[in-house]
Amino acid sequence: MSKYTAPRGTKDITPDDMPFWHYIESTSRSLFSLYNYQEIRTPVFEHTELFERGIGDSTDIVEKEMYTFSDKGDRRLTLRPEGTAPIVRAYVQHGMHSKSKVSKLYYCGPMFRYERPQAGRYRQFHQIGVESLGSALPICDAEVIAMGVHLFDELGLSGLSVAINSVGCPVCRPVIEERLKQFIGLNLEHLCGDCNRRFDSRPLRILDCKNSTCKTYMTGLPDIRDSLCHECKDHFNYVVGYLDNLGIPFQINPQLVRGLDYYTRTTFEIGSDQLGAQNALCGGGRYDGLVSQLGGPATPAVGFAFGIERAVMILQEMSDYHQRVNPLVYVAPVGFDQVAKSFLLVDRIRRAGYRVELETSKNELKTHLKQADKLNARLVLIYGEDEANVDKVLVRRMADRTQELIPFDHALEYIVSELEDDTF
RNA sequence: GUGGACGUAGCUCAGUUGGCAGAGCACCAGAUUGUGGCUCUGGUGGUCGUGGGUUCGAGCCCCAUCGUUCACCCCA
């Protein structure tokens, strides 16, 4: 073990992992553009107050999970623990509401939460998320959910399931909480400490408690949907109807509650059976009050975010996933005198758009070929004294061990035609 | 913040009641001079996470500490 290691809860994304990341990022970008979303990038740190106001003072994230510090100018700053509040801040700051009725944005980047690391959970993790601001119509909720499902289909992720719920609005939320408290209050002394603490501050979260004894007292629970106001009920039914209409499979889960305060009405989660205990790949919902709460005009909005690390985990579990890479050309000068001319050829091939490895630290053909084999090269260009004397290059096809002497100045076109031949 | 498991070579791990630090993979070099994957031979590589204690003697036992990992909590 070396003396310096990556800090607890962080990790290096090594070249071996990188193809997965590129695949997820590029697939996301092109899919989001199909839905006419545009990218936005915000700072990795913000004023602490933004998260305190936006996410909610009594949430776990704000209470104990934020990386907060003061800079040399005594500003209270926080490494962003999530993406939505900063997007909304930028939306308000740049007056985007006055540029078009609806703003459809996506983002990608690192988030930071001070938690105990675990399978699929890191202190620095990465999210890709979308936010649709400006429309209260239930079709928007459905479109956002459909976009998430579409993306994971496109990525080829299997074993996913969609859960959906409504947590109500400022009108009916108090009613829901009151009914819940009436029901739970009967057995409050039997519930765990966390649940007792949440009874007053965040009663909805008791629904989500994993404690098995608490769960037993949840049977016979009044369905949260019965307490929704008419508008919320209608909204929910439309969302569900649109999803049915698209044939997207989902489950209504009345226990599904999000840990962030800003959610209203629709909440949803896309989970995987391949992630261990932290099985949520993607979470999101509607947040109609956040923009005005952060000083903007009353603006309804809906969005989601998913964890890239968790998506990578699922891809790596899938054995049939295979990455396509460009073929490699390995150039083997035999002898120092042949290096300069080889370099010239290498330059031509690269400018033609092909991947080339030039190895000059080996002087034996045998070790060159071993190395080329290890790098999985498709072609090896052998250029030694014999070739230099007749101004030719020996082009060897590794797959069938055949080779051909090509005049140096015609080598490029020959190599290109070999590489374009996709029979390998 | 709480609980369990684990820290030995670059990687995966053996290591007996406490008695010379090991294997496989990987890497490097060879098996007669310019032809790779298989095979064979040899080699590089470790302050046994760190600090203390017990002992003639500790990779092994005890304490502490740091880290990794899984789970709780919470979330992506």
Side-chain angles (χ1 to χ4, degrees), chain A residues 1-11 14 16 24 55 58-66 80-84 108-129 148 192-195 197-198 202 205 208-212 214 256-260 267-272 275-284 303-314 330 332-335 338 361-380 382-387 394 396-403:
Chain A
M1 184 69 78
S2 51
K3 182 176 178 183
Y4 296 108
T5 56
R8 185 172 172 77
T10 69
K11 65 166 189 164
T14 59
D16 286 344
I24 290 166
I55 300 172
S58 64
T59 57
D60 279 14
I61 290 178
V62 172
E63 274 185 350
K64 52 184 195 191
E65 295 178 1
M66 295 207 301
R80 62 181 180 200
E82 60 101 41
T84 300
C108 170
M111 307 291 162
F112 305 84
R113 291 181 201 170
Y114 188 87
E115 298 179 274
R116 283 283 277 267
Q118 190 182 328
R121 194 174 66 195
Y122 303 94
R123 290 183 171 180
Q124 174 175 338
F125 60 103
H126 297 76
Q127 284 187 333
I128 294 177
C192 71
D194 283 332
C195 286
R197 223 173 319 113
R198 293 191 186 115
R202 306 166 53 71
R205 284 224 49 88
D208 208 27
C209 187
K210 310 288 194 297
N211 186 304
S212 55
C214 291
L256 178 67
V257 180
R258 313 253 84 227
L260 290 74
T267 59
F268 70 97
E269 195 169 286
I270 300 178
S272 164
L275 283 177
Q278 308 304 316
N279 62 358
L281 168 65
C282 173
F304 72 72
F306 72 94
I308 301 181
E309 283 84 353
R310 293 184 183 179
V312 169
M313 282 174 74
I314 297 172
Y330 181 100
V334 185
Q338 272 57 249
S361 70
K362 300 188 179 357
N363 277 319
E364 263 186 88
L365 187 56
K366 186 197 246 180
T367 47
H368 267 308
L369 287 168
K370 268 189 181 175
Q371 181 71 5
D373 188 55
K374 197 170 61 185
L375 294 177
N376 207 15
R378 185 183 295 181
L379 296 178
V380 174
I382 299 165
Y383 189 71
E385 207 176 333
D386 298 350
E387 289 77 14
L394 189 55
R396 182 175 179 84
R397 297 198 291 189
M398 291 299 274
D400 57 12
R401 296 169 166 256
T402 58
Q403 54 193 27

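Quick note on labels: first sequence line is chain A, next is B, and so on, each numbered from 1.
Residue A:F125 and nucleotide B:A76 are classified as a stacked aromatic pair, their ring centres being separated by less than 5.5 Å at an interplanar angle below 30°.
The shortest distance between the side-chain N/O atoms of A:K374 and the OP1/OP2 oxygens of B:C28 is below 4.0 Å. For B:C72, one of the phosphate oxygens OP1 or OP2 lies less than 4.0 angstrom from a side-chain nitrogen or oxygen of A:Q118. Between B:C70 and A:R116, no contact under 4.0 Å exists linking OP1 or OP2 to a side-chain N or O. Distances shown here put every side-chain N or O of A:R121 at or beyond 4.0 Å from the OP1 or OP2 atom of B:A76.
Here the shortest heavy-atom pairing between A:F112 and A:Q124 reads CE2-OE1, 3.4 Å.
Residue order along RNA chain B, read from the 5' end via each residue's closest nucleotide, puts A:E387 first among A:R8 and A:E387. Nearest-nucleotide positions on RNA chain B for A:Y114 and A:I308 put A:Y114 closer to the 5' end.
Rounded to an integer number of Å, the gap from A:I382 CD1 to B:U35 P is 10 Å.
Distances from the side chain of A:L365 to the nucleotides B:G34, B:C73, B:A76 place B:G34 closest.
Here the side chain of A:R80 pairs a donor or acceptor atom with the backbone of A:P110 at under 3.5 angstrom.
Tested against A:D400, the residues A:Q403, A:R397, A:R396 include a single side chain to side chain contact (heavy atoms under 4.5 Å, CB included) partner, A:R397.
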